[in-house]
Amino acid sequence: MESVLKMSRKTFDYVCSLVKKDLTTKTYGFRNFRFGDKTILGVEDQVAVALMRLTTGESLQNIGMWFGMNHSAISNITWRFIESVEERAICHLKWPSPEEMATIKARFDKIYGLPNCCGAIDTTHILMCSSAQPNSKVWLDNENKNSMVLQAVVDADMRFRDIVSGWPGSMDDSCILRTSGLYRLCEKGLRLEGQMDLPGGSTVREYIVGDASYPLLPWLMTPYRGHGLPAANVEFNKRHTAATAVVQTALATLKGRWRVIQGELWRPDKHRLPRIIFVCCLITNIIIDMEGTPSEDKLFSGNHDHGYKQQFSNVADDNAVKQRDDLSLHVTAGE
């Protein structure tokens, strides 16, 4: 089970317990039977069907052949499962509590030497078929592909803490950031507002790390750019790169584990895709919550956005420039 459904038996049983009430509703029972014997599927079988659909990305027809079921039954079971997980598992994807945030910051500081760091942010493109949104070029991105963008913030254990999806691939990273609730909350000082005093008298606000496609803000630290950088800046970039690799690996693993959103096999329409993405992130978090930080053999490496060029933002807040310089001096002093 673990190799096929990408989770342990313990996690599978927990997922079944979450959706049991919804998947045993009689209204849907008449569609959930196998060919021939008309035996109605139990909760475990229904969850297995839905997870196979999400992990393999195979067509309804192929999944139906594997389970001896009509493709419409596969569709019904999968969407009932998605609806149930959306409602029942929402507690597994949330912004950290103060206690959780303290643990996250301690992890980033211990592993990467970045004090007061609360997470890493990045975006990835989810491909869509060309017929997903006919007569509209808004979904056509810079690489001439139809796509939707997922923006994600993860913690040091690659747990998704904040996600935004549904925006077309034609929008760049900084634009999607500015339309997000995360941006509004941080700009108002309602999120990532905690301060930390560094040795030497400087103060650093809570922040997340992101690549050069993002603006440099007091709560979003991006790397230094250019050649011939001072040693302190080079050291900061080294640690920054290592920390941002966490979200890059998380997104690569998300696409690798849930092939339904990988864009190679099945490409759903723009109305359902955000819900599929959300559920895949939810179940990923459930797996981490139940099984701990993923081991190396369960992670996917490489470029999660293959074929897309690096974006760059030239926006830099003055206070953020000073904070990044203070952090650079701090990490160098610790050498």
Side-chain angles (χ1 to χ4, degrees), residues 53-62 75 78 82 120-154 160 162-183 209-216 220 222-223 225 241 244-281 284 299-315:
R53 178 81 163 112
L54 297 177
T55 58
T56 67
E58 287 287 348
S59 66
L60 295 170
Q61 289 77 10
N62 285 347
S75 178
T78 301
I82 288 172
I121 186 172
D122 201 0
T123 60
T124 194
H125 290 81
I126 310 296
L127 299 184
M128 303 166 65
C129 61
S130 58
S131 60
Q133 180 66 4
N135 304 319
S136 176
K137 294 184 178 180
V138 69
W139 300 98
L140 200 63
D141 58 38
N142 293 333
E143 303 302 324
N144 205 35
K145 301 174 183 177
N146 287 276
S147 67
M148 180 178 292
V149 179
L150 164 65
Q151 173 185 284
V153 176
V154 306
F160 291 96
D162 185 277
I163 68 168
V164 175
S165 66
W167 292 107
S170 57
M171 294 176 63
D172 61 34
D173 292 358
S174 60
C175 182
I176 291 173
L177 174 68
R178 292 181 185 279
T179 62
S180 68
L182 172 71
Y183 181 87
V209 291
D211 66 19
S213 65
Y214 290 104
L216 175 61
L220 204 174
T222 59
R225 289 157 57 184
T241 298
T244 53
V246 175
V247 67
Q248 293 163 3
T249 301
L251 290 173
T253 302
L254 180 76
K255 286 184 170 181
R257 173 181 281 141
W258 309 104
R259 296 182 66 87
V260 72
I261 61 171
Q262 199 173 37
E264 293 182 356
L265 300 171
W266 180 61
R267 304 177 183 179
D269 64 61
K270 73 182 185 72
H271 300 291
R272 291 186 169 186
L273 184 51
R275 300 175 66 187
I276 296 172
I277 294 170
F278 181 56
V279 165
C280 289
C281 291
T284 296
L299 299 176
F300 288 76
S301 58
N303 189 350
H304 63 77
D305 228 7
H306 183 71
Y308 288 89
K309 299 176 182 178
Q310 173 66 54
Q311 299 175 22
F312 296 95
S313 171
N314 294 317
V315 176

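These numbers come from the heavy atoms of this one structure, side chains and all, not from hydrogens, waters or symmetry mates.
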Among residues at least two apart in sequence or on other chains, which ones pass side chain to side chain contact (heavy atoms under 4.5 Å, CB included) with [X]?
X      : value
Thr241 : none
Gln311 : Asp172, Asp173, Ser213
Val153 : Trp95, Ile121, Asp162, Leu182, Ile208
Ser170 : Val138, Pro168

Do the non-hydrogen side-chain atoms of [X] and [Y] ever get within less than 4.5 Å of each other?
X      : Y      : value
Lys309 : Asn142 : no
Phe160 : Leu251 : yes
Thr249 : Phe300 : no
Ile82  : Arg272 : no
Leu220 : Tyr183 : no
Leu273 : Ile261 : yes
Arg53  : Ile276 : no

Inset, instruction - Might you work through the side chain to side chain contact (heavy atoms under 4.5 Å, CB included) test for Cys280 and Val260, ending with a clear yes or no? - result: CA-CA 9 Å; Cys280 289; Val260 72; 4.2 Å; yes
Inset, instruction - Decide yes or no on side chain to side chain contact (heavy atoms under 4.5 Å, CB included) for Glu143 and Asp305, but give the supporting numbers first. - result: CA-CA 11 Å; Glu143 303 302 324; Asp305 228 7; over 6 Å; no
Between [X] and [Y], which heavy-atom pair has the shortest distance, and what is it?
X      : Y      : result
Ala250 : Val154 : CB-CG1, 4.0 Å
Ser301 : Ala252 : O-CB, 4.4 Å
Val164 : Ser180 : CG2-CB, 3.9 Å
Ser165 : Leu150 : CB-CD1, 4.2 Å
Ser147 : His125 : OG-CD2, 3.2 Å
Thr56  : Arg259 : O-CB, 3.6 Å

Atom [atom1] in [X], atom [atom2] in [Y]: separation rounded to 0.5 Å?
X      : Y      : atom1 : atom2 : value
Leu177 : Thr123 : CG    : OG1   : 10.0 Å
Leu54  : Arg257 : CG    : CZ    : 12.0 Å
Asp122 : Gln151 : CG    : CD    : 9.0 Å

Legend entry - Side-chain donor or acceptor of Lys145 paired with backbone N/O of Leu127 under 3.5 Å: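 Such a contact is absent between Lys145 side chain and Leu127 backbone.
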Inset, instruction - Ignoring hydrogens and angles, tell me if any N or O in the side chain of Ser313 forms a donor-acceptor pair with the backbone of Ser174 under 3.5 Å. - result: no
Inset, instruction - Please name all residues satisfying salt bridge (charged side-chain N to carboxylate O under 4.0 Å, His left out) with Asp141, sequence neighbours left out, ordered by chain then number. - result: none
Legend entry - With Asp211 via salt bridge (charged side-chain N to carboxylate O under 4.0 Å, His left out) - residues at least two apart: none
Inset, instruction - Go through the steps for Cys175 and Trp167 under the test side chain to side chain contact (heavy atoms under 4.5 Å, CB included), then give the verdict. - result: CA-CA 10 Å; Cys175 182; Trp167 292 107; over 6 Å; no
Inset, instruction - Please test Asn314 against Arg225 for side chain to side chain contact (heavy atoms under 4.5 Å, CB included), starting from the C-alpha separation and ending with a verdict. - result: CA-CA 10 Å; Asn314 294 317; Arg225 289 157 57 184; 3.3 Å; yes
